[in-house]
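What follows is a single structure, written as structure tokens, with notes after it.
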Amino acid sequence: MPFEFIAQHLQARKEDALLRQRQLVEESNGRFIRIAGKQYLNFASNDYLGFADELVTVSELPLGSHSSALVNGYNKPQQALEQRLCELLGYESAMLFNSGFSANSSVLKALFHDKAVAQSAAIFQDKLNHASLIDGGLHSQAAMVRFNHNDLKHLESRLQKSKAKHKLIVSEGVFSMDGDKAPVAQLCELAHNYNAWLMIDDAHGFGVLGKHGLGSCEVHKPDLLIITFGKALASSGACLLASKSVIDYMLQFNRDYIYSTAMSPVMASSTRVQLEKILAADNKRMQLFKNIAYFKTLAKAKNLALMDSDTAIQPLVLGDAAQTVDVANKLKQCGIWLTAIRPPTVPFNTSRLRVTLSSAHQLDDINTLVDTLVECL
């Protein structure tokens with residue numbers, strides 16, 4: 001029977017406790033989420049500073065950009081957002097994408113689209129990089145080399161052995177499933193020493209880390225920086241920041257950008273408003289890190305084996321996928337919304353509860369979370 005594999009694969013996913021399903025969210029903010037008429041404490045959101053609670057009002061603008069940016073879809077709100085990001089982060093040029101996944105994967109594909117160039121090119125990726133980065137590397141024409149997570153010695157040995165002329169090191173600023181940070185300063189140094197470029201995806205660092213909330217790369221600048229707007233900025237879309245020549249190159253060869261309808265003027269303008277809020281959010285960042293420290297202290301006192309993270313992402317690895325789903329369901333019954341992260345998002349036998357904290361959480365919320373975790377485990 002044609003396409004019988006669909007039912008077979010779905011059944012296999014279900015038997016392995018890996019079947020994914022969407023949940024219809026009726027209402028959510030930094031603290032709470034409402035699903036199927038029930039309110040939960042929300043510890044599964046990337047809204048680290050609680051900005052999703054706040055309505056953004058912009059002047060009357062067209063909803064649509066009407067076409068791709070290279071036809072007639074590039075407008076003043078987009079340009080203003082790009083220019084402000086360049087000013088803040090110290091780059092010559094920038095270009096907007098409708099999603100972080102599109103930005104990450106398409107930049108790698110476009111950079112090494114030429115087979116002649118790719119024959120002497122290599123992409124060096126951290127083994128825990130996001131799926132969008134891995135997909136981009138796999139679909140580029142360059143060789144892809146993986147190095148052990150945050151292992152600078154392993155990366156250096158790979159760089160030493162490589163005969164590639166064009167070397168690109170790729171990492172996340174904050175790793176989305178482990179919550180630990182990349183050693184950006186040392187990565188910049190290695191890139192310099194081996195005549196390589198560095199690309200950082202700072203989806204989970206921007207808005208949270210750095211003296212002014214400008215992320216993992218506030219001090220040390222990679223050659224290519226990806227900022228996504230759907231986390232601390234509580235918006236949508238992404239931006240590539242780089243030299244003018246790199247952006248000009250992307251305008252010629254990045255198929256995702258060339259053939260996609262450009263970002264909505266309303267979205268670009270709203271994100272620009274959110275960006276200014278980020279710069280003035282020192283108190284929210286301070287509260288977030290107080291919440292992180294409080295959660296870690298309570299968890300340690302209750303012998304909860306957290307991973308080594310000091311960011312808002314605090315994973316609790318249980319290993320078995322079915323057990324992890326079972327605990328997540330028990331938590332939901334107790335009014336805690338917490339996501340079970342399973343393969344292939346994380347390696348096999350490392351299924352986990354991914355706790356994400358927000359500045360919007362109150363100390364009583366965190367007390368409830370830890371007590372409930374102990375009870376359900």
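Here CD1 of Ile200 is found 11.5 Å from NE2 of His220. Values are rounded to the nearest 0.5 Å. The structure places SG of Cys86 at 7.5 Å from CD of Gln83, a figure rounded to the nearest 0.5 Å. The structure places CD1 of Ile226 at 11.0 Å from SG of Cys217, a figure rounded to the nearest 0.5 Å. The OG1 atom of Thr228 lies 8.0 Å from the CG atom of Asn104; values are rounded to the nearest 0.5 Å. Rounded to the nearest 0.5 Å, atoms CD1 (Ile169) and CG (Leu155) are 5.0 Å apart. For the atom pair CD (Gln362) and CZ (Arg31), the distance works out to 3.5 Å, reported to the nearest 0.5 Å.
Within a 6.0 Å radius of CD in Glu26, other residues, nucleotides and ligands contribute more than 12 heavy atoms. When the shell of 6.0 Å around CG of Asp308 is examined, it contains 12 or fewer heavy atoms from other residues, nucleotides or ligands. Annotation for Lys38: atom NZ counts as buried by contact number, over 12 foreign heavy atoms lying within 6.0 Å.
A distance-only check finds a donor-acceptor pair linking the side chain of Asp151 to the backbone of His154 [under 3.5 Å]. Looking at Ser264, its side chain does come within 3.5 Å of a backbone N or O of Leu63 through a donor-acceptor pair. Checking side-chain atoms of Thr372 against main-chain N and O of Leu331 turns up no donor-acceptor pair under 3.5 Å. Side-chain atoms of His212 never come within 3.5 Å of backbone atoms of Leu214 as a donor-acceptor pair (strictly under, hydrogens ignored). The backbone N or O of Arg158 lies less than 3.5 Å from no partner atom in the side chain of Ser162, so there is not a single donor-acceptor pair. Side-chain N or O atoms of Gln125 include one that pairs as donor or acceptor with a backbone N or O of Leu133 at under 3.5 Å. Put simply, the side chain of His113 gets close to the backbone of Ala110: a donor and an acceptor are under 3.5 Å apart. Asp256 places no side-chain N or O within 3.5 Å of a backbone atom of Ser106 that could act as its donor or acceptor partner. Judged by distance alone, the side chain of Ser269 and the main-chain N or O of Pro265 form no donor-acceptor pair under 3.5 Å.
Residue pairs meeting the side chain to side chain donor-acceptor pair (under 3.5 Å) criterion with at least one member in residues 335-361, sequence neighbours excluded, are Arg20-Thr345, Asn46-Arg354, Asp178-Arg352, Thr350-Arg352. Screening residues 126-140 for salt bridge (Lys or Arg N to Asp or Glu O under 4.0 Å) gives no qualifying pairs among residues at least two apart or on separate chains. Residue pairs meeting the salt bridge (Lys or Arg N to Asp or Glu O under 4.0 Å) criterion with at least one member in residues 242-253, sequence neighbours excluded, are Lys244-Asp248.
Put simply, Leu279 and Met286 are part of two different groups of oily side chains (I, L, V, M, F, W, Y) that touch within less than 4.5 Å, one to the next. Taking hydrophobic clusters as Ile, Leu, Val, Met, Phe, Trp and Tyr residues chained together by side-chain heavy-atom distances below 4.5 Å, Val327 shares a cluster with Leu41. One hydrophobic cluster holds both Phe289 and Phe51 under the rule that ILVMFWY side chains link at heavy-atom gaps under 4.5 Å.
The pair Arg84-Glu87 counts as a salt bridge, with a side-chain nitrogen and a carboxylate oxygen less than 4.0 angstrom apart.
For Phe124, the ring-ring contact (aromatic ring centres under 6.0 Å, His included) criterion is met by no residue, not counting sequence neighbours. Asp282 is linked by a salt bridge (Lys or Arg N to Asp or Glu O under 4.0 Å) to Arg285, counting only residues two or more places apart in sequence or in another chain. Not counting sequence neighbours, the partners of Ser235 by the side chain to side chain donor-acceptor pair (under 3.5 Å) test are Thr271. Partners of Glu375 under the salt bridge (Lys or Arg N to Asp or Glu O under 4.0 Å) rule, at least two apart in sequence or in another chain, do not exist in this structure. Remark: Phe3 engages Phe5, Ile6 in a side chain to side chain contact (heavy atoms under 4.5 Å, CB included) (not counting sequence neighbours). For the ring-ring contact (aromatic ring centres under 6.0 Å, His included) test, no residue two or more places apart in sequence or in another chain qualifies with His166. Judged as a side chain to side chain contact (heavy atoms under 4.5 Å, CB included), and not counting sequence neighbours, the contacts of Leu306 are Phe295, Lys296, Ala299, Gln314, Leu316.
Using a 4.5 Å heavy-atom cutoff, the side chains of Met250 and Tyr257 are not in contact. Residues Lys284 and Tyr48 have side chains not in contact (no heavy-atom distance under 4.5 Å, counting atoms from C-beta outward). Side-chain contact between Arg146 and Ile134: present, with at least one pair of heavy atoms (C-beta onward) separated by less than 4.5 Å.
Across every non-hydrogen atom of Asp223 and Tyr91, the tightest pair is O-CE2, 4.1 Å. Smallest separation of non-hydrogen atoms from Leu288 and Leu357: CD1-O, 3.5 Å. Heavy atoms only, all atoms of each residue included: Val208 and Ala232 are closest at CG2-CB, 4.0 Å. Nearest heavy-atom pair across Cys188 and Pro222 is SG-N, 4.5 Å. Taking both residues in full, the closest heavy atoms of Gly73 and Asn75 are given as O-ND2, 3.5 Å, listed atom of the first, atom of the second, then distance. Closest approach of Lys181 to Thr311, counting heavy atoms only: CG-CG2, 3.9 Å.
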ask   = Under the side chain to side chain contact (heavy atoms under 4.5 Å, CB included) criterion, do Leu373 and Phe43 qualify, and how do the steps go?
value = CA-CA 12 Å; Leu373 277 170; Phe43 287 98; over 6 Å; no
message = Applying side chain to side chain contact (heavy atoms under 4.5 Å, CB included) to Asp202 and Val184, what does each step give before you reach the verdict?
response = CA-CA 11 Å; Asp202 204 27; Val184 175; over 6 Å; no
request  = Test Leu111 against Met199 for side chain to side chain contact (heavy atoms under 4.5 Å, CB included), laying out the working first.
outcome  = CA-CA 12 Å; Leu111 193 60; Met199 174 176 167; over 6 Å; no
query = What's the verdict on side-chain hydrogen bond (donor to acceptor under 3.5 Å, both in side chains) for Gln79 and Lys76, showing C-alpha distance, side-chain angles and the deciding distance?
reply = CA-CA 5 Å; Gln79 183 188 53; Lys76 286 185 176 180; over 6 Å; no
request  = Would you please test Asn291 and Leu363 for side chain to side chain contact (heavy atoms under 4.5 Å, CB included) and show each step?
outcome  = CA-CA 7 Å; Asn291 286 350; Leu363 297 186; 3.9 Å; yes
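In the hydrophobic clustering (ILVMFWY side chains linked at under 4.5 Å, chained through shared members), Phe253 is joined by Tyr249. Alongside Met177, the hydrophobic cluster contains Ile341, Val346 (criterion: ILVMFWY side chains under 4.5 Å).
No side-chain donor-acceptor contact under 3.5 Å links Lys14 and Gln11. No side-chain N or O of Gln78 forms a donor-acceptor pair with one of Glu82 less than 3.5 Å apart.
Across Val107, Ile247, Val246, a single residue satisfies side-chain contact (heavy atoms from CB on, under 4.5 Å) together with Met95, and that is Ile247. Ile227 pairs in a side-chain contact (heavy atoms from CB on, under 4.5 Å) with only one of the listed residues (Asp201, Leu88, Leu241), which is Leu241.
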